[in-house]
Asks: 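There's a structure below that I have some questions on.
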Protein chains: 2
Amino acid sequence: MPAALLPRSEIIARLSETFRRQGYDGASMAEIAKATGLGKSSLYHYFPGGKSEMAAAVLADLAESLDTAILAPLRGPGTPARRLGRMIDALDAFYDGGRKACLLERMAASVERATFARPLQTAFGRWIDAVAALLREAGMSPAAARARAEESVIRIEGALVLSGGTGSTELFERVLASLRRDLLPR
Amino acid sequence: MPAALLPRSEIIARLSETFRRQGYDGASMAEIAKATGLGKSSLYHYFPGGKSEMAAAVLADLAESLDTAILAPLRGPGTPARRLGRMIDALDAFYDGGRKACLLERMAASVERATFARPLQTAFGRWIDAVAALLREAGMSPAAARARAEESVIRIEGALVLSGGTGSTELFERVLASLRRDLLPR
DNA sequence: GTCTATAATAGGATAGAC
DNA sequence: GTCTATCCTATTATAGAC
């Protein structure tokens, strides 16, 4: 029995990256095999259900990845302003200054989007919840905090769409700068 | 020589609708044939380059469609506030209250996005320009008008992503309401 | 768990009649 | 301009050896 080439977590990470770049519909098994360094048979060993099971696994992991890569700083030490600053830094790095697309958006755009509805809702929900918690801690009412948190995620996603569509990272960077400055209540 | 089943403009409209729903990668020739009511051979008669030429035709038409469907009210009669209101109404109808995705976003997400870069840039640019012109007319400086116009398009696109991803139209409607209220300078 | 080989199908695209 | 029939490739998925 040959040893596993990659731990499952690394396979998931590479699948995520592939779906993010190519979209679900645009990612072929051949590209997935190349991206993971695994043969098709190995992929079907891990994911008997094929591509759609890979997507499910990626999405099951997504809320957690988002948490680790972006939202963790919000719960760290420091004032709300400093924690917000670290989340913005993390966003800038995660989306490579607006050059990388959002996996959530790509999956929501796929033809199998109905299948992905639940995990997508969860992921967006956790993101919004984490920001709203910070805003409440900074003194906002629950309702106002939630609305402003939703608005911040909307602006990030919209900026990623426009940055991707126009080929310019300027709009994404401007939105991040604006959030850094004005997201917290004064 | 059989008569054309549909005028070219109607074919383009149905192609647009298909790409908007399925995305470029997710739209198969079989689905396109069904959606247009044309056989494959007829489609290749109109678009010898196949699917990618169909997409090019859709995108060439896109800036104009956007203009007709959404931006026309901005140049109509009335005060800036009334014209803005009519554009918001048009947006609400065009995106069916947030239930319909944005074709620009879908095309920007396709694997052939590099091919579509130019027309996408043009379409986003015209949209932003039209809103910026209204804001200048309402008294804003060119730079401030442009920045605020970009922000408005970002918020609409972001709201469409989240409405699609969460299955709720609430966020889209809230963004439209906010724009209706606060887009113009006071 | 991974491999090579291959099945089975769906994909985009074309031929030629009308 | 449209049709039916077909081609060819790429696709998803499986079989079976190691």
Asks: Whole angstroms only, please: what is the OH-C1' distance between A:Tyr46 and C:dC3?
Replies: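 Spelled out: OH on A:Tyr46 to C1' on C:dC3 is 14 Å.
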Asks: Rounded to the nearest angstrom, tell me the gap between atom CD in A:Gln22 and atom P in D:dA10.
Replies: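 The distance from CD of A:Gln22 to P of D:dA10 comes to 16 Å, rounded to the nearest Å.
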Asks: Can you tell me if CZ on A:Arg75 sees more than 12 non-hydrogen neighbours from other groups inside 6.0 Å?
Replies: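 Buried by this count: over 12 neighbours within 6.0 Å.
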Asks: Rounded to whole angstrom units, what separation is found between the CD1 atom of B:Ile32 and the P atom of C:dG12?
Replies: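 Between P of C:dG12 and CD1 of B:Ile32: 7 Å.
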Asks: Send over the distance from B:Leu6 CG to D:dT2 P, rounded to a whole Å.
Replies: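 Rounded to the whole Å, the gap is 8 Å.
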Asks: Looking at the side chain of A:Ala30, which of C:dT2, D:dT11, D:dT2 is the nearest nucleotide?
Replies: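 Taking heavy atoms from C-beta onward, the closest nucleotide is D:dT11.
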Asks: Just say parallel, tilted or perpendicular for the rings of B:Tyr24 and B:Phe116, cut-offs at 30° and 60°.
Replies: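 It falls in the perpendicular class, over 60°.
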Asks: Take the protein atom CG of B:Leu43 and the nucleotide atom P of C:dA13, then report the distance between them rounded to whole Å.
Replies: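 Computing the B:Leu43:CG to C:dA13:P distance gives 11 Å.
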Asks: Tell me, yes or no, whether the heavy-atom count around A:Arg126 atom CZ, taken from other residues, nucleotides or ligands under 6.0 Å, exceeds 12.
Replies: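 Open: at most 12 neighbouring heavy atoms sit under 6.0 Å from CZ of A:Arg126.
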Asks: Among the nucleotides D:dT12, C:dT2, D:dT2, which one has an atom lying closest to any side-chain atom of A:His45?
Replies: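 Looking only at heavy atoms from C-beta outward on A:His45, the closest nucleotide is C:dT2.
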Asks: Please determine if a side-chain N or O atom of B:Tyr44 lies less than 4.0 Å away from the OP1 or OP2 oxygen of C:dA13.
Replies: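 Yes, because at least one side-chain N or O of B:Tyr44 sits under 4.0 Å from OP1 or OP2 of C:dA13.
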Asks: C:dA13, OP1 or OP2 - any side-chain N/O from B:Lys40 closer than 4.0 Å?
Replies: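 Result: no.
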Asks: Just how far, in rounded Å, is P of D:dT11 from CE of B:Met29?
Replies: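 Going from B:Met29 (CE) to D:dT11 (P), I get 17 Å.
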Asks: Starting at NZ of A:Lys51 and ending at P of D:dT12, how long is that distance when rounded to a whole Å?
Replies: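 Atom NZ in A:Lys51 sits about 5 Å away from atom P in D:dT12.
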Asks: Would you find a donor on one side and an acceptor on the other, under 3.5 Å apart, between the side chain of B:Arg113 and the backbone of A:Gly165?
Replies: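 Side chain of B:Arg113 to backbone of A:Gly165, a donor-acceptor pair under 3.5 Å: no, none is there.
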Asks: Of all the nucleotides listed (D:dT14, D:dC3, C:dG12), which has the minimum atom distance to the side chain of A:Ser41?
Replies: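 The listed nucleotide nearest to A:Ser41's side chain is D:dT14.
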Asks: Reckon A:Ala27 touches a base, only the sugar-phosphate, or nothing at all at heavy-atom distances under 4.0 Å?
Replies: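 Sugar-phosphate, no base atom in range.
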Asks: Just how far, in rounded Å, is P of C:dG1 from CZ of A:Phe47?
Replies: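 Those two atoms, CZ and P, are 12 Å apart.
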Asks: Is A:Ser28 touching bases, backbone alone, or none of the nucleic acid, heavy atoms closer than 4.0 Å?
Replies: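 Sugar-phosphate, no base atom in range.
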Asks: Can a side-chain donor-acceptor contact be found between A:Ser141 and A:Arg146 if the only test is distance below 3.5 angstrom?
Replies: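 Note: A:Arg146 and A:Ser141 side chains miss the donor-acceptor criterion.
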